[in-house]
Enquirer: 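I have a structure I would like to understand better, so I am pasting it below and will then ask my questions one at a time.
Quick note: residue numbers are just sequence positions, from 1. Not measured: the values here are computed from a predicted model.
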Amino acid sequence: MDKLNVDHMLAIEEPFMKVPLEQLKRAVRQTQKQTERETAAVSSELSNVLKNQHRLTPGELQQTLDELISRLQTLRQTLEESKLEEAQLIQRSKQRAADLHKLRGFESTAQSEFQQWCRTRLDRVLIDYMLRNGNVKTAQRLVDKGSLGHFAESSLFTLVMEIEGELKEQHSCRAALQWCAENRSALRKIQNPLEFELRVQEFIEMIRARNTPGAIGYAKKHLTPWSDTQMPRIQRAMTLLAFPPTTQCPPYKSMFDEARWGGLANDFRLVIFQLYNLPAQPLLHLLLQTGLSALKTPACLSEDPSEHNRNCPVCQTETLGKLAQELPLSHHVNSNLVCRITGEKMNEDNPPMRLPNGYVYSQASLSDMALKLDGKVKCPRSSQTFKLAEATKLFIS
């Protein structure tokens with residue numbers, strides 16, 4: 001019972017390892033692109049200088065060369081910063097791999113070392129949950145307390161919250177569009193139209209401001225390139241030119257709705273999570289649902305509160321039961337008898353006792369009740385009273 005299933009534990013930890021690796025991959029690609037772009041520009045400019053050097057005065061030639069040298073020095077500084085960032089990501093990946101590798105050394109869940117590992121894991125799961133919900137200061141306190149900076153995605157969630165805040169509070173697409181430009185190839189690879197949706201929103205805002213010429217020019221420049229895949233959406237957006245922002249026409253009223261900003265923020269969060277292999281749900285929810293699915297039975301779904309087990313988290317409909325609503329029922333080969341009074345499992349040490357009316361409760365619960373009622377027991381379901389001696393002991397096979 002205490003044996004570890006390491007493979008199952010590692011399966012749910014996949015995002016824990018993939019996030020820094022994805023960050024490293026994107027950092028390397030961005031550095032490579034910037035290096036190629038800058039070196040190509042400097043090489044082209046240097047070729048032009050060599051071709052036209054006879055036309056340039058010594059002063060102009062010196063100025064041009066100084067500018068090229070300055071540009072290369074800036075590139076060198078950028079590469080040094082990128083190298084430092086990449087080294088930090090590599091170190092973070094090594095630390096996470098080492099932490100997961102510890103699982104191979106544990107033989108039992110009862111080991112104190114395993115219990116300590118679980119406490120650390122719980123801390124990072126809580127940090128993930130708090131960062132997702134914007135509780136940055138609380139998350140940082142937990143990070144500092146356990147020295148878990150290499151286990152937290154603080155920089156990623158900070159970026160997410162900054163761009164979400166700009167979308168929802170400032171109603172600006174600037175930062176989101178800049179991010180889309182930096183990750184255009186990745187968005188194209190997963191065929192995600194986030195950039196198009198942001199462009200449509202900027203177009204809508206121009207119409208809302210009654211800047212019709214500006215909106216038409218914007219559409220020609222930024223919407224028509226999407227005509228191969230988004231033509232129906234472009235046509236609907238262009239129809240907005242004929243409607244005021246206060247229109248009640250259903251298809252266009254929703255496009256002017258301020259709630260679209262919240263939708264764009266949510267779309268951005270889902271896209272960035274997809275690119276970095278993060279689950280849409282917090283890891284805390286996934287871990288809880290794993291346990292809840294093993295406990296969920298048909299009795300948990302009953303509308304009669306008396307059918308619920310007081311110790312069953314799935315039966316707590318206002319709390320953990322909400323997380324279990326969409327989960328399948330657990331599959332039990334062997335049934336477990338649980339006392340409705342105490343919520344405890346009935347077994348050989350606490351056998352089930354059948355009352356004359358057919359209801360079954362644990363021996364411990366009836367014995368405790370008999371002590372309070374002078375040797376009598378009262379059935380919670382029927383309110384009938386019986387002598388404890390009338391209860392029949394059942395045997396579990």
Enquirer: Do Asp267 and Lys168 pass the salt bridge (charged side-chain N to carboxylate O under 4.0 Å, His left out) test, and can you show the C-alpha distance, the side-chain angles, and the key distance before you say yes or no?
Expert: CA-CA 12 Å; Asp267 290 345; Lys168 291 191 290 188; over 6 Å; no
Enquirer: Given 3.5 Å as the limit, does a donor-acceptor pair link the side chain of Asn277 with the main chain of Pro15, or not?
Expert: no
Enquirer: Say you draw a straight line from CZ of Arg208 to CD of Gln201; how long is it, rounded to the nearest 0.5 Å?
Expert: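 Result: 7.0 Å between the selected atoms.
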Enquirer: Is Glu13 salt-bridged to Arg121, going by a charged N under 4.0 Å from an acidic O?
Expert: yes
Enquirer: What's the spacing between Ile216 CD1 and Ile207 CD1 if we round to 0.5 Å?
Expert: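 Rounded to the nearest 0.5 Å, the CD1-CD1 separation comes to 9.0 Å.
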Enquirer: I want to check something: taking the side chain as every heavy atom from C-beta on, are Met369 and Ile341 in contact at a cut-off of under 4.5 Å?
Expert: yes
Enquirer: Side chains of Gln23 and Tyr276: is there a donor and an acceptor less than 3.5 Å apart?
Expert: no
Enquirer: What closest approach, in Å, do Pro380 and Tyr361 show between heavy atoms, and which atom pair accounts for it?
Expert: CD-OH, 3.2 Å
Enquirer: Taking a hydrophobic cluster as the set of Ile, Leu, Val, Met, Phe, Trp and Tyr residues connected by side-chain heavy atoms closer than 4.5 Å, whether directly or through intermediates, do Met238 and Met231 fall within one such cluster?
Expert: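 No.
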Enquirer: Which atom names give the shortest non-hydrogen contact between Leu198 and Cys180, and what distance separates them?
Expert: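 The pair with the smallest heavy-atom distance is CD1-SG, 3.8 Å.
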Enquirer: Between Arg236 and Tyr252, is the side-chain contact (heavy atoms from CB on, under 4.5 Å) condition met? List the steps.
Expert: CA-CA 8 Å; Arg236 173 168 289 187; Tyr252 306 105; 3.7 Å; yes
Enquirer: Would you find a donor on one side and an acceptor on the other, under 3.5 Å apart, between the side chain of Ser254 and the backbone of Pro251?
Expert: yes
Enquirer: After noting the C-alpha distance and the side-chain angles of Val360 and Leu337, does the key distance pass the side-chain contact (heavy atoms from CB on, under 4.5 Å) rule?
Expert: CA-CA 10 Å; Val360 177; Leu337 299 179; 5.9 Å; no
Enquirer: Does Asn133 reach the main-chain N or O of Tyr129 with its side chain, forming a donor-acceptor pair under 3.5 Å?
Expert: yes
Enquirer: So, Arg132 and Asp128, do they make that salt bridge, N to O below 4.0 Å?
Expert: yes
Enquirer: Transitively linked via ILVMFWY side-chain contacts under 4.5 Å: Phe157 with Leu24?
Expert: no
Enquirer: I'd like to check the salt bridge (Lys or Arg N to Asp or Glu O under 4.0 Å) partners of Arg233; sequence neighbours left out, ordered by chain and number.
Expert: Glu197
Enquirer: Using only atom types and a distance under 3.5 Å, with no angle test, would you say the side chain of Arg26 pairs donor to acceptor with the backbone of Leu275?
Expert: yes
Enquirer: For Leu79, what residues pass the side-chain contact (heavy atoms from CB on, under 4.5 Å) criterion, not counting sequence neighbours?
Expert: Thr31, Thr35, Leu75
Enquirer: Just verifying a value: how many Å separate Leu371 CG and Leu373 CG, rounded to the nearest 0.5 Å?
Expert: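 Leu371 CG to Leu373 CG: 9.5 Å, rounded to 0.5 Å.
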Enquirer: Apply the test salt bridge (charged side-chain N to carboxylate O under 4.0 Å, His left out) to residues Lys25 and Glu22: give CA-CA distance (whole Å), side-chain angles for both, the deciding distance (0.1 Å), then the verdict.
Expert: CA-CA 5 Å; Lys25 184 170 66 175; Glu22 284 293 331; 3.2 Å; yes
Enquirer: Using a cut-off of 6.0 Å, state whether more than 12 heavy atoms not belonging to Arg381 lie near its atom CZ.
Expert: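 Yes, enclosed.
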Enquirer: Counting N and O atoms only, with roles assigned by atom type, does the side chain of Ser365 sit under 3.5 Å from a partner on the main chain of Thr342, one being a donor and the other an acceptor?
Expert: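 It does not hold such a pair.
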Enquirer: Answer whether the closest heavy-atom distance between the side chains of Leu159 and Trp179 falls below 4.5 Å.
Expert: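 Yes; the side chains approach each other to less than 4.5 Å.
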Enquirer: Is it the case that the side chain of Ser43 and the backbone of Thr39 share a donor-acceptor pair, with hydrogens and angles ignored and the cut-off at 3.5 Å?
Expert: no
Enquirer: Of all heavy-atom pairs between Leu270 and Ala280, which one has the smallest distance, and what is that distance?
Expert: CD2-CB, 4.0 Å
Enquirer: Verify, without hydrogens or angle tests, whether Gln289 (side chain) and Leu323 (backbone) share a donor-acceptor contact under 3.5 angstrom.
Expert: yes
Enquirer: Could you verify whether a donor N or O on one side chain and an acceptor N or O on the other, from Ser227 and Thr224, lie under 3.5 Å apart?
Expert: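 Thr224 and Ser227 do not have a side-chain donor-acceptor pair below 3.5 Å.
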Enquirer: Shortest non-hydrogen contact from Lys296 to Leu327?
Expert: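 The pair with the smallest heavy-atom distance is NZ-O, 2.7 Å.
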Enquirer: Can you see which heavy atom on Leu223 is nearest to which on Ile234, and at what distance?
Expert: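 Looking at all heavy atoms of both residues, the shortest contact is O-CD1, 3.1 Å.
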Enquirer: Any chance the side chains of Asp99 and Gln95 put a donor and an acceptor closer than 3.5 Å?
Expert: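 Absent: no donor and acceptor within the cut-off.
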Enquirer: Quick one, Lys83 and Glu80 - any side-chain contact, counting heavy atoms below 4.5 Å?
Expert: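 Sidechains of Glu80 and Lys83: no contact.
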Enquirer: Does the side chain of Arg340 reach to within under 4.5 Å of the side chain of Tyr359, using non-hydrogen atoms?
Expert: no
Enquirer: What about Met161 and Leu194, same hydrophobic cluster or not, with Ile/Leu/Val/Met/Phe/Trp/Tyr joined at side-chain heavy-atom distances under 4.5 Å?
Expert: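 Different clusters: Met161 never reaches Leu194 through Ile, Leu, Val, Met, Phe, Trp or Tyr contacts under 4.5 Å.
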Enquirer: Determine yes or no for a side-chain-to-main-chain donor-acceptor pair under 3.5 angstrom, with Gln281 supplying the side chain and Pro279 the backbone.
Expert: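 Not a single qualifying donor-acceptor pair exists.
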Enquirer: When you look at Leu301 and Leu329, which way does the side-chain contact (heavy atoms from CB on, under 4.5 Å) test go after all the steps?
Expert: CA-CA 10 Å; Leu301 305 177; Leu329 296 175; 4.0 Å; yes
Enquirer: Regarding Gln116 and Arg119, do their side chains bring together a donor and an acceptor under 3.5 Å, going by distance alone?
Expert: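 The answer is yes; a qualifying pair exists.
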Enquirer: Nearest heavy-atom pair of Pro351 and Lys393: which atoms, and what distance?
Expert: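 What the structure gives for the nearest pair is CG-CE, 3.6 Å.
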Enquirer: Around atom CZ of Arg210, are there more than 12 heavy atoms from other residues, nucleotides or ligands closer than 6.0 Å?
Expert: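 Result for CZ/Arg210: enclosed.
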Enquirer: Under a 4.5 Å cut-off applied to non-hydrogen side-chain atoms, are Phe256 and Thr247 in contact?
Expert: yes
Enquirer: Rounded to the nearest 0.5 Å, how far apart are CE of Met130 and CG of Leu142?
Expert: 4.5 Å
Enquirer: Donor-acceptor check, side chain of Ser44 to backbone of Ala40, threshold 3.5 angstrom: yes or no?
Expert: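 Absent.
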Enquirer: Would you give the length of the straight line joining atom CZ of Phe273 to atom CG of Leu156, rounded to the nearest 0.5 angstrom?
Expert: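 Phe273 atom CZ to Leu156 atom CG measures 7.0 Å (nearest 0.5 Å).
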Enquirer: Is it true that His222 and Phe203 have ring centroids separated by less than 6.0 Å?
Expert: no
Enquirer: Are Ile127 and Val136 in one and the same hydrophobic cluster, where Ile, Leu, Val, Met, Phe, Trp and Tyr link if side-chain heavy atoms are under 4.5 Å apart?
Expert: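 Unlinked, Ile127 and Val136 end up in two clusters.
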Enquirer: In this structure, are over 12 heavy atoms from other groups packed under 6.0 Å from Glu36 atom CD?
Expert: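 Yes, CD of Glu36 has more than 12 neighbouring heavy atoms, counting only those of other groups under 6.0 Å.
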Enquirer: So do the side chains of Asn211 and Tyr218 get within less than 4.5 Å of each other, counting heavy atoms only?
Expert: no
Enquirer: Measure the shortest side-chain to side-chain distance between Met353 and Leu394 over non-hydrogen atoms and say whether it is less than 4.5 angstrom.
Expert: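 Met353 does not reach Leu394 side chain to side chain.
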Enquirer: What distance do Ser362 atom OG and Asp349 atom CG have between them, rounded to the nearest 0.5 Å?
Expert: 12.0 Å
Enquirer: Which of these, Glu205, Glu166, Glu202, sits in a salt bridge (Lys or Arg N to Asp or Glu O under 4.0 Å) with Arg174?
Expert: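 That would be Glu166; it is the only one of Glu205, Glu166, Glu202 passing the salt bridge (Lys or Arg N to Asp or Glu O under 4.0 Å) with Arg174.
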Enquirer: So Gln111 and Trp117, do their side chains get closer than 4.5 Å, heavy atoms only?
Expert: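 SC-SC contact between Trp117 and Gln111 ruled out.
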Enquirer: So, the side chain of Asn183 versus the backbone of Ala186: is there a donor-acceptor pair under 3.5 Å, distance only?
Expert: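 Here the side-chain-to-backbone pair does not exist.
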Enquirer: Would you please test Lys94 and Gln91 for side-chain contact (heavy atoms from CB on, under 4.5 Å) and show each step?
Expert: CA-CA 5 Å; Lys94 288 181 178 179; Gln91 182 63 20; 4.3 Å; yes
